[in-house]
Amino acid sequence: MTISSSALFLVLALCLNFAAGLAGHGSVRPLDSQEWTLSNEYGNITVPGAFPSHVHLDLLSAGVIEDPLRGFNDINLRWVANQNWTYTSGPLTNLTHDDGLRTWLVFDGLDTFATVKFCGNIVGTTDNQFRRWTFDVTSDLASCRGEPTLSLNFGSAPKIANAKNASQPQPWAEALVAAWTFEVPNRNFVRKQQSDFGWDWSPAFTPAGPWKSGRIVQTRDDKYLYAVDTVVDVYRQGQTNNLAPDQSKPWVLKASIDYLGSLPRGSYIEALIESTSKNPETLFSGKLADVQVSAGSISGSVEIDGARPKLWWPNGMGDQDMHTIQLAVRTSNRSLPLMVSSRRFGFRTILLSTGATSADEVTAGKQPGNDWHFEINGRHFYAKGASLVPPDVFWPRASEKQMSDLFDAVQHQNFNMLRVWSSGSYLPDFIYDMADERGILLWSEFQFGDALYPDDDDFIDNVRQEATENVRRVNHHPSLACWAGGNEIENVVLPIAGVTDKHNLGLYLGQYEHLYIDTLFRVVAANTRSISYTPSSGNNGWSKIDMSLPVPMVQVYENKTVGHIYGDTEHYDYSAASAFDEASYPVGRFAAEFGFHSMPSLQTWRTAIADEDLHFNSSVIVSRNHHYPPGGLVADVSKSLKGMAEMTAAVEMYYPLPNKTDPVDHFGAWCHATQLFQADFYQSQIQFYRRGSGGKERQRGTLFWQLNDVWQAPSWAALEYGGRWKVLPYYIRRGYQNVVASTSWNSVSKNLQVWITSDLWEAVSGQLSMTWVDLQGNRLKDNMGFPQVVNFTVDAIDSIKVYHAALRDFGVPDMDNALLLLSVEAHGRLPNSDVIKTFTHEVSFLPTPPKRAKIAEPGLRLTYDEASRKFTVEATKRFFEDNAFVLLPGQKKEIGFTLQQDNTNGAWVRDVTVTSLWDLNHG
């Protein structure tokens with residue numbers, strides 16, 4: 001029998017942990033497995049508790065409250081957040097009492113204001129949901145009579161936020177405070193998930209509880225230390241934040257372990273670095289160099305030949321090759337290690353470039369200004385994705401299955417990036433693990449959004465610790481794309497402040513730079529050399545970086561040169577009249593946010609609302625529409641009705657008006673119609689932004705708002721709460737293909753342009769077929785003067801106009817009865833592949849709003865094949881256009897269906913229906 005060095009290392013680590021638990025060298029006892037009770041401050045509610053959990057979840061499990069997501073319960077259950085709640089453990093038996101042991105409480109997350117008692121003694125308090133909390137309870141355990149217990153008393157976040165506002169007056173004008181109050185006020189005083197206080201798509205439950213795992217740790221300084229976190233930073237030699245690394249340089253891997261206990265002098269780190277392939281390759285085995293010890297942390301580094309490791313690439317650009325590092329901290333006078341830990345990581349460089357465009361780029365035709373693009377392993381790429389909000393209003397019930405299903409949807413839509421939105425929460429490691437495996441880059445943000453924040457020393461120190469812990473915690477993940485300071489601070493909040501309270505704008509600007517540059521940028525730079533930083537999601541770039549300056553990143557702000565292009569863009573226009581006017585879309589380097597709200601499907605509504613309330617402007621549906629936010633605890637229905645009116649106007653302007661005889665079916669048709677508008681609107685913008693890859697702006701990314709939902713309500717989401725797809729993801733799936741055709745239409749001049757866009761890294765050639773048909777499926781005479789086929793070659797990450805025409809010059813017999821079908825077939829190679837692949841794409845163009853199109857009943861036929869588990873859709877009479885595709889008469893299309901959960905024993909197949917645009921106002 002032979003044992004590899006890695007297997008021997010793992011056996012050693014397992015033996016160490018086993019021996020530690022038995023011999024009194026140390027132990028780790030999860031708090032998750034303890035028995036817990038939950039009580040309110042008045043003592044009239046006591047129920048079993050869970051760990052991790054939120055108060056609402058335990059009250060729901062005990063039957064004290066109804067489902068918080070049903071009906072008006074977001075308002076009816078406000079009393080829960082306005083009380084204090086205590087989690088109390090059962091007896092913590094079998095803890096070792098030994099003068100040589102030190103005992104610690106370790107909490108990965110407490111939400112948010114908790115008083116921690118151990119053996120009846122107050123051992124600490126917490127005031128930040130996003131931090132890890134550790135408390136030394138050695139003396140408390142030694143003096144404890146009987147078996148110890150643990151209690152966590154959580155204060156009411158809304159009440160504490162109000163108290164902080166009253167005791168810490170800020171210079172902000174009242175109008176500014178009102179601008180960022182969505183429902184529960186004063187969220188910006190509290191280091192808690194900001195959307196817990198309400199948002200324009202989220203309810204305001206402001207939950208409390210031990211939202212992450214915890215444990216009791218016992219250490220012995222001379223035998224066993226506890227690794228709290230293991231930090232891996234992989235970068236090219238000489239690399240610094242925000243600047244392009246030299247890809248010819250060797251790799252540097254720096255590993256750090258944050259620990260509990262006291263480290264003996266002369267300690268060192270041994271490391272084993274291997275690939276995770278079927279035939280693992282050892283890249284390094286031995287002692288790390290340059291060992292440094294600081295308070296609670298030991299680090300070392302190793303240099304690795306740059307040509308040896310296989311690189312990690314995002315989805316669609318190559319393989320997600322991963323590596324492991326196994327660490328053992330030792331002393332020369334002891335055979336067993338003091339602590340062991342490991343991390344999985346990837347070799348890659350990732351750069352967010354926001355500095356000035358180079359002279360060479362300008363010479364090559366790029367419009368001068370400041371960049372906003374990503375580079376992976378030295379290669380520019382086009383970012384495709386959306387913004388991710390929390391998967392649930394209660395994080396403890398966000399499961400791995402739920403997130404795996406979400407990543408399935410992300411991959412099906414051809415994403416390579418998600419923006420982890422500020423004002424939610426820092427993602428747990430298991431989600432970063434999934435992103436590593438799926439090749440989805442995570443643009444990650446610190447949790448600040450749409451507000452000004454306090455600038456006192458205590459607040460800044462709290463934030464500095466929060467940021468340090470989270471930067472170090474997730475840094476080993478190759479999916480980490482960048483850090484952004486906050487959401488919409490620079491290009492939204494500061495301009496509003498400049499208009500609302502212009503006399504104090506200098507003060508607000510100073511607070512902004514203190515928090516987002518002097519504090520957060522320094523935290524990033526101090527803890528990683530591999531990750532870029534930008535102070536805000538919307539940002540015009542920097543002109544200078546110098547860590548010796550009081551503000552180490554000099555921002556461009558509004559100091560723009562005429563004719564130059566700066567930064568990324570955001571676009572929200574709720575006037576349906578201009579929805580498809582490309583002149584209204586912003587021209588920039590990167591589209592970071594854009595969108596329009598829609599209703600969830602009838603099926604999703606039914607999980608939260610009774611059938612009698614299923615009509616468009618019912619009181620419960622209007623209440624759940626937070627666009628526009630109520631602006632306080634007393635709901636302003638007129639604001640919600642404004643959002644409902646925007647969706648109504650969009651449908652009325654462009655689509656056949658729903659006209660069903662059954663009221664519930666009628667409501668369902670309206671919901672579907674709002675989704676059709678949303679999908680068409682997003683498709684129009686995505687086509688526009690992607691065409692910009694070949695323009696002078698050299699546009700390099702499109703992230704729409706937003707991917708997912710936290711409850712059943714109108715929102716911008718593509719995926720409804722529960723995972724059901726709206727119409728939008730089907731459009732995104734096509735629009736995010738590698739090689740796509742698109743149209744640019746001027747409805748006034750009747751000028752039509754046809755474009756081909758590619759995000760491949762090499763030029764690709766192919767053919768575009770163009771076919772005009774009427775809405776009965778008959779080909780139009782002479783193909784409307786258009787060529788049947790156009791040959792094209794489009795360069796790497798580029799776009800080219802392949803045809804243009806003024807339709808009025810072609811004498812179209814009836815624009816309300818015409819449809820252009822575009823079909824692409826091209827041949828080329830995916831990034832990092834030697835295989836020639838065929839790329840296809842189909843899209844259609846309707847030169848008139850669908851409401852005016854002469855659509856006839858399509859005679860749909862739906863069949864299901866048990867053997868293949870696929871549906872076949874056939875238009876027996878006419879073509880139809882629905883959420884996914886166009887069919888001509890007699891054409892059949894097979895559709896697979898991914899079933900995430902089946903509680904019907906297969907009966908769900910009988911309930912599958914198919915509908916068309918014609919069906920909106922028939923039946």
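In E612, the CD atom is crowded: over 12 heavy atoms of neighbouring residues, nucleotides or ligands sit closer than 6.0 Å. Annotation for Q168: atom CD counts as buried by contact number, over 12 foreign heavy atoms lying within 6.0 Å.
When atom types are taken as modelled, the side chain of Q129 and the backbone of Q193 share a donor-acceptor pair closer than 3.5 angstrom. A distance-only check finds no donor-acceptor pair linking the side chain of Y426 to the backbone of S444 [under 3.5 Å]. Looking only at distances, no side-chain donor or acceptor of T604 sits under 3.5 Å from a matching main-chain atom of Q712.
Annotation: side chain of V664 is not in contact with side chain of W605 (no heavy-atom distance under 4.5 Å). When side chains are defined from C-beta on, S623 counts as touching F72, because their heavy atoms get closer than 4.5 Å. Contact check for M434 versus E400: side-chain heavy atoms found under the 4.5 Å cut-off. Residues D58 and Y87 form a side-chain contact, since some pair of their non-hydrogen atoms from C-beta on lies under 4.5 Å apart. Taking the side chain as every heavy atom from C-beta outward, P207 and V55 never approach each other to under 4.5 Å. In this structure, the side chains of V710 and F205 stay at 4.5 Å or more apart for every pair of heavy atoms. You'll find the side chain of V389 reaches within 4.5 Å of the side chain of N708, heavy atoms only.
Salt bridge R191/D127: absent, no basic N to carboxylate O contact under 4.0 Å. A salt bridge does not link D229 to R472: none of the charged side-chain nitrogens sits closer than 4.0 Å to a carboxylate oxygen. Between E720 and K726 there is no salt bridge, since no side-chain N of the basic residue sits under 4.0 Å from a carboxylate O of the acidic one. Using a cutoff of 4.0 Å between basic side-chain nitrogens and carboxylate oxygens, R215 and D108 are scored as salt-bridged.
Relative ring orientation between W172 and W180 is described as perpendicular, the plane-to-plane angle rising above 60° on a 0-90° scale split at 30° and 60°. Aromatic ring orientation, W201 versus W421: perpendicular (interplanar angle above 60°, classes split at 30° and 60°). Between F51 and F107, the two ring planes are tilted [angle within 30° to 60°].
Across all their heavy atoms, A713 and R624 have their closest contact at CB-O, 3.3 Å. Across all their heavy atoms, H597 and G643 have their closest contact at NE2-O, 3.1 Å.
F448 has its ring centre less than 6.0 Å from the ring centre of Y453. A ring-centre distance under 6.0 Å is found for F182 and W199. Less than 6.0 angstrom separates the ring centroid of W716 from the ring centroid of H627.
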